[in-house]
Undergrad: 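Before we start, here is the structure in question, set down as structure tokens.
All values below were derived from every heavy atom in this structure, side-chain atoms included, with hydrogens, water molecules and symmetry-related copies excluded. Bear in mind that the values here come from a model prediction, so they are computed numbers and not experimental data. Each chain gets a letter, A, B and so on, in the order its sequence line appears, and its residues count up from 1.
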Protein chains: 2
Amino acid sequence: MRILVVEDDRDLNRQLVEALTDAGYVVDKASDGEEGHFLGDTEPYDAVILDIGLPQMDGLTVLEKWRRDGRVMPVLLLTARDRWSDKVAGIDAGADDYVAKPFHIEEVLARLRALIRRAAGHASSEITCGPLRLDTKTSKATVNGTALKLTSHEFRLLSYLMHHMDEVVSRTELVEHLYDQDFDRDSNTIEVFVGRLRKKMGMDLIETIRGMGYRIKSQDNRS
Amino acid sequence: MRILVVEDDRDLNRQLVEALTDAGYVVDKASDGEEGHFLGDTEPYDAVILDIGLPQMDGLTVLEKWRRDGRVMPVLLLTARDRWSDKVAGIDAGADDYVAKPFHIEEVLARLRALIRRAAGHASSEITCGPLRLDTKTSKATVNGTALKLTSHEFRLLSYLMHHMDEVVSRTELVEHLYDQDFDRDSNTIEVFVGRLRKKMGMDLIETIRGMGYRIKSQDNRS
DNA sequence: CAGCCACATTACCGATTGTTCATTCATCGT
DNA sequence: ACGATGAATGAACAATCGGTAATGTGGCTG
């Protein structure tokens, strides 16, 4: 999962990036509204953490622009405590959730997880798909109840596929969301990892759509 | 850090052990009061998670016995929700903190961290020692503000030493608290890790007391 | 001073993980 | 049916990490 952090407070920005990176996200950062707006407009993110008070361009303005341009990724707004007006304005501008400053980093992480889950249309921290079950909170996966021993990259790949259940996900999309930009785009790493996942899962739950990408089917809509 | 879990509910026991192991603790477990009491009496633990309702021997009885025998390790009691009497009885028996069932695992982890910190005489989640700073919450260490890149074992060793600042810690003690019991007791692994820590820290903050063990000094009480 | 003992240091081993490469296999359009 | 393209596979590789073993070093004791 790839996250954009737009925050001008250097220290806070660093903290957020660090925590997110530790949690296994791929993270881009911006320190002013203009840069943030540009990145959010040009790069594909699974979620954005956006401060309201920003130099160059106000956070709400950035958000409005995105929404006008049809960008639909979930946005977590950082607001000053008890600024009710900010909250209302944020809703109007198309924000999905808020955290009031000052906050605990874990609070942000939890909200973010929930946001990404909701954006993928799941209610709880668990995503189920036939015999496959994935817990986004504990980062554990089971198939038919027995735990899978996945490495961190394997888990992140599986997680992304399950968050986009029934959608065809291209290798390009996977690379963009699971690695930072300077990753060798024409390597077959993704294929290798898909193969390893298939082997570990024992059954082939990952469908290949030739020329398009991969897909995990939600139920047993066996074609 | 070595933790004892005494809980008869198989499922809950498993969950706790798993979460604790994931968090980097060395964990022993018992499923009844008798076994729990024996282990807590014979093995050195940094903390105990103790259920109140146990077969063989009630949790409070176990705790009382330990305290009568002079066992001072912090104990986190698992109680039924709203059983005020349990809480009072627990205080009398020498418990250090409570979590009411049902609980979130993270709640237990947080309380446990706090308990271990407090037992070592620290107030916040950060332990500082001259240029060295260690955050038990994020598992990160810095020296003079710059982050140390420590592996998990290195961090756990440093953490244990800092939790016992100004005390001489023997190699035996370190092995007992950082590894499970079937670890080769006469290996020089500890020396090697101390060496690696010293090199990474750039300065020798870990003192060797010949024939005794190691010590981290709190301030600059240079002898 | 000799020699031992405790610790330090260095190199190395084996397991795990992420990645690349070459080869094989499958699928599709013609 | 055939060839070209895309995907799967297995081997191999480098990096990292935990641990082992052999050797080096320095201080204490007899």
Side-chain angles (χ1 to χ4, degrees), chain A residues 21-22 24 26 139 141 148-161 168-175 177-216 223, chain B residues 21-22 24-26 139 141 148-161 168-216 223:
Chain A
T21 307
D22 286 354
V26 179
S139 288
L148 290 180
K149 259 191 64 189
L150 302 182
T151 70
S152 85
H153 273 51
E154 285 164 0
F155 181 85
R156 290 203 279 149
L157 171 54
L158 180 59
S159 170
Y160 191 87
L161 288 175
V168 179
V169 181
S170 71
R171 259 177 301 285
T172 312
E173 183 178 344
L174 287 169
V175 166
H177 286 262
L178 299 176
Y179 295 89
D180 10 24
Q181 46 262 38
D182 54 351
F183 182 79
D184 180 17
R185 296 182 104 68
D186 39 349
S187 95
N188 73 335
T189 301
I190 299 293
E191 281 101 321
V192 173
F193 270 86
V194 169
R196 286 179 183 166
L197 275 177
R198 282 174 173 151
K199 182 172 287 182
K200 287 194 178 180
M201 294 192 294
M203 48 187 76
D204 193 352
L205 297 167
I206 304 175
E207 190 186 1
T208 303
I209 291 91
R210 197 185 162 81
M212 302 271 90
Y214 298 101
R215 175 172 55 188
I216 281 192
S223 57
Chain B
T21 307
D22 285 355
Y25 296 104
V26 178
S139 289
L148 290 180
K149 261 191 61 189
L150 301 183
T151 70
S152 84
H153 273 50
E154 285 163 1
F155 182 85
R156 291 203 278 148
L157 171 55
L158 180 58
S159 170
Y160 191 89
L161 288 175
V168 178
V169 181
S170 70
R171 259 175 302 286
T172 311
E173 183 179 345
L174 287 169
V175 166
E176 278 174 349
H177 286 261
L178 300 176
Y179 295 89
D180 9 23
Q181 47 260 39
D182 54 352
F183 181 81
D184 180 16
R185 297 181 103 70
D186 39 349
S187 95
N188 72 335
T189 300
I190 299 294
E191 280 103 321
V192 173
F193 270 82
V194 168
R196 286 176 183 164
L197 277 177
R198 280 172 175 155
K199 182 173 288 183
K200 287 193 179 182
M201 294 192 293
M203 48 187 78
D204 194 352
L205 297 166
I206 303 175
E207 189 187 1
T208 303
I209 291 89
R210 202 183 159 79
M212 301 272 91
Y214 298 102
R215 175 173 54 186
I216 282 191
S223 54

Undergrad: Does A:M203 CE have over 12 foreign heavy atoms under 6.0 Å away?
TA: yes

Undergrad: With heavy atoms of chain B within less than 4.0 Å as the criterion, where does contact along DNA chain D begin and end?
TA: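 That gives a stretch of D:dC17 to D:dG26.
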
Undergrad: Taking all non-hydrogen atoms of both residues into account, name the closest pair between B:A141 and B:L150 and its distance.
TA: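 In this case the closest contact between B:A141 and B:L150 is CB-CD1, 4.0 Å.
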
Undergrad: My understanding is that only one of A:K199, A:K200, A:R196 makes a salt bridge (Lys or Arg N to Asp or Glu O under 4.0 Å) with A:E154; could you say which?
TA: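 The salt bridge (Lys or Arg N to Asp or Glu O under 4.0 Å) with A:E154 is passed solely by A:K200 among A:K199, A:K200, A:R196.
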
Undergrad: Can you find a side chain N or O atom of B:Y214 that sits less than 4.0 Å from OP1 or OP2 on C:dA6?
TA: no

Undergrad: Where each residue is assigned the nucleotide of DNA chain D containing its nearest heavy atom, which of A:G211 and B:L150 is assigned the position nearer the 5′ end?
TA: A:G211

Undergrad: If you compare every side-chain N and O of B:K199 against the phosphate oxygens of C:dA8 (OP1, OP2), does one of them come in below 4.0 Å?
TA: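 No, because none of the side-chain N or O atoms of B:K199 sits under 4.0 Å from OP1 or OP2 of C:dA8.
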
Undergrad: Mind checking the OG-CD1 spacing from B:S170 to B:I190? Nearest 0.5 Å is all I need.
TA: 9.5 Å

Undergrad: What is the per-nucleotide protein-contact pattern of nucleotides 18-30 of chain C, from the 5' end, where B denotes a base atom under 4.0 Å from a protein heavy atom, S denotes such proximity for sugar-phosphate atoms only, and - denotes neither?
TA: BBBBB---BBS--

Undergrad: Would a 4.5 Å heavy-atom cut-off, applied to side chains only, mark B:L174 and B:F193 as touching?
TA: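 Heavy-atom side-chain distance check fails, nothing below 4.5 Å.
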
Undergrad: Look up atom OH in B:Y214 and atom CD in B:E191, then write down how far apart they are to the nearest 0.5 Å.
TA: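 Output value for this atom pair is 4.5 Å.
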
Undergrad: Give, ordered by number, those residues of residues 168-175 of chain A having at least one heavy-atom distance below 4.0 Å to an atom of DNA chain D; if nothing qualifies, reply none.
TA: A:R171

